[in-house]
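Comments concern the structure below.
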There are 2 protein chains.
Amino acid sequence: MVTSTKPPYDVYDANCPARQVLDRLSDKWALLVLDRLRGGPLRFNSLRRSISGVSQKVLSQVLKRLERDGLISRQVFPTVPVSVEYALTSLGGTLTATVELLTHWAETNMAAIEAAQARYDASLALA
Amino acid sequence: MVTSTKPPYDVYDANCPARQVLDRLSDKWALLVLDRLRGGPLRFNSLRRSISGVSQKVLSQVLKRLERDGLISRQVFPTVPVSVEYALTSLGGTLTATVELLTHWAETNMAAIEAAQARYDASLALA
DNA sequence: CCGAATCCTTACGGATACTG
DNA sequence: CAGTATCCGTAAGGATTCGG
């Protein structure tokens with residue numbers, strides 16, 4: 001359905017809800033974190049290890065932002081040394097469910113995109 | 001619904017379809033372009049003017065990428081001076097339709113996110 | 001174990017000027 | 001009109017080190 005039901009928001013306004021959310025999803029690590037937490041709560045280093053490639057600095061930044069947005073929760077256990085568990089909130093859960101629709105689109109149409117790229121690149125090669 | 005139906009892809013692999021698509025959407029201008037074209041084909045400068053804030057360099061980069069991905073089409077009219085029309089392809093159309101679901105989530109839940117942020121910031125203020 | 005702070009590199013985006 | 005080419009400032013992200 002492409003029946004343009006354009007929202008009454010200004011897409012150029014940084015305060016536009018769509019932009020707000022998309023700016024968050026634009027961070028690739030954020031999505032990986034949310035995806036990881038779908039399996040249940042995880043501790044910091046455990047989460048870090050499960051997402052290969054992310055630096056500790058960036059991970060803590062991302063976690064802080066997601067917590068601030070209410071998408072994940074952070075619970076500290078006063079053990080020695082301290083341990084911290086991160087978990088998906090219900091709000092975060094609905095978001096990941098929605099993102100999955102996009103993931104599904106990707107799986108369905110990635111082949112078409114790759115085909116288009118091949119065609120494009122080929123047309124450039126003979127130019 | 002949080003019933004983890006995880007795709008059979010490696011989310012850490014840059015070739016994962018989900019990543020491919022999200023990396024594209026991470027470009028804020030790309031989304032604005034796709035959104036703009038939902039109203040019908042537009043010429044370069046027309047598109048540029050309709051998206052305030054984008055530089056001409058970045059716009060042409062974005063357009064080239066979207067064309068390569070098969071999400072938009074580019075048609076040159078041999079007028080003098082030449083005019084070029086960009087339009088959404090059917091593939092691009094299905095993507096924007098899917099993105100709209102995300103937009104809808106944003107509209108529905110943005111208030112909750114802002115509330116969470118306010119709570120978070122308040123808890124920091126008294127720390 | 002969890003995270004903050006520092007340094008440093010690089011890659012993106014804006015402004016400007018030029019071509020077909 | 002529709003780009004390409006160049007320069008350049010800024011800000012994001014990685015590596016490393018230190019603290020609670």
Side-chain angles (χ1 to χ4, degrees), chain A residues 11-12 14 19-20 22-33 36-37 40-69 72-87 120-121 123-124 127, chain B residues 11-12 14 19 22-33 36-37 40-69 72-87 120-121 123-125 127:
Chain A
V11 281
Y12 308 117
R19 284 282 287 273
Q20 293 274 338
L22 288 163
D23 281 353
R24 270 156 187 77
L25 299 185
S26 72
D27 184 344
K28 69 175 179 178
W29 298 119
L31 284 161
L32 293 179
V33 168
R36 268 300 168 191
L37 292 180
L42 284 176
R43 306 229 315 268
F44 186 87
N45 278 337
S46 173
L47 194 54
R48 173 155 162 55
R49 275 188 299 272
S50 83
I51 301 178
S52 71
V54 68
S55 72
Q56 170 272 342
K57 172 189 175 182
V58 172
L59 179 57
S60 59
Q61 284 175 345
V62 169
L63 286 172
K64 199 176 295 183
R65 187 175 189 186
L66 291 176
E67 186 199 358
R68 190 174 107 94
D69 288 345
I72 66 174
S73 64
R74 176 181 186 272
Q75 187 172 7
V76 181
F77 295 93
T79 56
V80 180
V82 63
S83 65
V84 182
E85 254 188 21
Y86 292 93
Y120 184 92
D121 293 345
S123 71
L124 282 191
Chain B
V11 282
Y12 308 118
R19 285 283 287 273
L22 288 163
D23 280 354
R24 271 157 186 77
L25 298 185
S26 72
D27 184 344
K28 69 174 177 177
W29 299 118
L31 283 162
L32 293 179
V33 168
R36 269 301 168 189
L37 293 180
L42 285 176
R43 306 230 315 266
F44 185 86
N45 278 337
S46 173
L47 194 54
R48 174 154 161 52
R49 276 188 298 271
S50 82
I51 301 178
S52 72
V54 69
S55 74
Q56 155 272 6
K57 172 193 175 182
V58 172
L59 179 58
S60 59
Q61 285 175 345
V62 170
L63 287 172
K64 200 177 294 183
R65 187 177 188 185
L66 291 175
E67 186 199 359
R68 189 174 109 93
D69 288 345
I72 66 173
S73 64
R74 177 180 184 273
Q75 187 173 7
V76 181
F77 294 95
T79 55
V80 181
V82 65
S83 66
V84 181
E85 254 189 23
Y86 292 92
Y120 185 92
D121 294 345
S123 70
L124 282 190

Please determine if a side-chain N or O atom of A:Tyr86 lies less than 4.0 Å away from the OP1 or OP2 oxygen of C:dG3.
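For C:dG3, OP1 or OP2 has a side-chain N or O of A:Tyr86 closer than 4.0 Å.
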Return all side-chain donor-acceptor pairs below 3.5 angstrom for residues 41-49 of chain B, not counting sequence neighbours, or 'none' if the list is empty.
unit_1: B:Arg48; atom_1: NH1; unit_2: B:Val54; atom_2: O; d: 2.6

Interatomic distance where [atom1] belongs to [X] and [atom2] belongs to [N] [whole Å]:
| X | N | atom1 | atom2 | answer |
| --- | --- | --- | --- | --- |
| A:Leu59 | C:dA4 | CG | C1' | 14 Å |
| A:Arg43 | C:dG3 | CZ | P | 11 Å |
| A:Gln75 | C:dC1 | CD | C1' | 16 Å |
| A:Arg65 | C:dG3 | CZ | P | 18 Å |
| A:Phe44 | C:dA4 | CZ | C1' | 11 Å |
| A:Arg74 | C:dC2 | CZ | P | 10 Å |
| B:Lys64 | D:dG3 | NZ | P | 9 Å |
| B:Leu47 | D:dG3 | CG | C1' | 14 Å |

How sharply is the helix from C:dC1-D:dG20 to C:dG20-D:dC1 bent, taking the axes over five pairs at either end and rounding to 10 degrees?
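Terminal axis comparison yields 40°.
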Taking side chain to side chain contact (heavy atoms under 4.5 Å, CB included) as the test, write out the residues that go with [X], two or more places apart.
| X | result |
| --- | --- |
| A:Lys64 | B:Tyr120 |
| A:Arg24 | A:Gln20, A:Arg65, A:Asp69, B:Gln117 |
| B:Val84 | B:Arg74, B:Val76, B:Tyr86 |

Might you point out which heavy atoms bring B:Trp29 and B:Val62 nearest each other, and give the distance in Å?
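So the minimum-distance heavy-atom pair works out to CB-CG2, 4.1 Å.
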Would you indicate whether the side-chain heavy atoms of A:Val33 and A:Leu66 approach each other to under 4.5 Å?
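Yes, at least one pair of side-chain atoms sits under 4.5 Å.
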To the nearest 0.5 Å, what is the distance between CG on B:Leu37 and CD1 on B:Ile72?
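The CG atom of B:Leu37 sits 6.0 Å away from the CD1 atom of B:Ile72.
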CD-CG distance between B:Gln61 and B:Leu59, expressed to the nearest 0.5 angstrom
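One finds 9.5 Å between CD of B:Gln61 and CG of B:Leu59.
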What's touching nucleotides 12-17 of chain D from the protein side, N or O pairs under 3.5 Å?
unit_1: D:dG13; atom_1: N7; unit_2: A:Lys57; atom_2: NZ; d: 3.3
unit_1: D:dG14; atom_1: OP2; unit_2: A:Ser55; atom_2: OG; d: 3.4
unit_1: D:dG14; atom_1: O6; unit_2: A:Lys57; atom_2: NZ; d: 2.4

With a non-hydrogen cut-off below 4.0 angstrom, is B:Phe77 in contact with a base, only sugar-phosphate, or nothing?
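Since no nucleic acid heavy atom lies under 4.0 Å of B:Phe77, the category is nothing.
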